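One structure is given below, encoded as structure tokens.
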Amino acid sequence: MSGAVKEAASLMEILPESDQDFVLEFIKKLVLAWDPDYTKVTLAERKELEEAEKDIKENGTIAHDAINWD
């Protein structure tokens, strides 16, 4: 969690519950305005995807039949 997110959470805790609800709804609107269909990748997600792609290139994958699904 970034410092800004931690600070925002700390500040929200100071507010009365009714105002916390308002802030939460406002944040949701900001996120939807930034990415209305939730298709953008965050920096953390991009890093995880790059690491996974590197792992697949270096180590390959496991065959579906090699997995014990029980």
Side-chain angles (χ1 to χ4, degrees):
M1 187 181 314
S2 73
V5 173
K6 288 178 185 176
E7 183 177 358
S10 294
L11 291 171
M12 279 185 67
E13 288 180 336
I14 296 170
L15 297 172
E17 192 171 324
S18 61
D19 290 336
Q20 290 177 4
D21 294 339
F22 170 79
V23 172
L24 177 61
E25 291 305 314
F26 181 71
I27 291 170
K28 288 178 183 178
K29 288 182 185 219
L30 287 173
V31 170
L32 285 173
W34 174 71
D35 188 8
D37 54 1
Y38 292 99
T39 57
K40 291 185 180 178
V41 178
T42 66
L43 293 176
E45 291 169 331
R46 181 174 311 283
K47 181 180 176 186
E48 289 176 6
L49 289 169
E50 289 171 354
E51 289 172 359
E53 289 172 352
K54 180 182 174 190
D55 185 56
I56 289 170
K57 285 180 185 175
E58 292 175 358
N59 302 309
T61 59
I62 298 172
H64 187 280
D65 296 338
I67 299 172
N68 180 358
W69 296 97
D70 295 324

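Since we're looking at a predicted model, the values are computed, not measured.
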Going by an N to O cut-off under 4.0 Å, is there a salt bridge joining K28 and E25? yes
Identify the two heavy atoms, one from K40 and one from W34, that lie closest to each other, and give their separation to 0.1 Å. NZ-O, 2.7 Å
Let me confirm one number: the CD1-CD1 distance from I56 to I62, rounded to the nearest 0.5 Å. 10.5 Å
Kindly work out whether a path of hydrophobic side-chain contacts (I/L/V/M/F/W/Y, heavy atoms less than 4.5 Å apart) joins I27 to L15. yes
Nearest 0.5 Å, what's the CD-CE distance between E17 and M12? 10.0 Å
More than 12 heavy atoms of other residues, nucleotides or ligands under 6.0 Å from CG of L43: is that the case? no
Can you establish whether the number of heavy atoms outside E58 located under 6.0 Å from its atom CD is more than 12? yes
Hey, what do you get for CG (D37) to CG (L32), rounding to the nearest 0.5 Å? 10.0 Å
Inter-residue atom distance E50.CD - E53.CD, 0.5 Å rounding: 7.0 Å
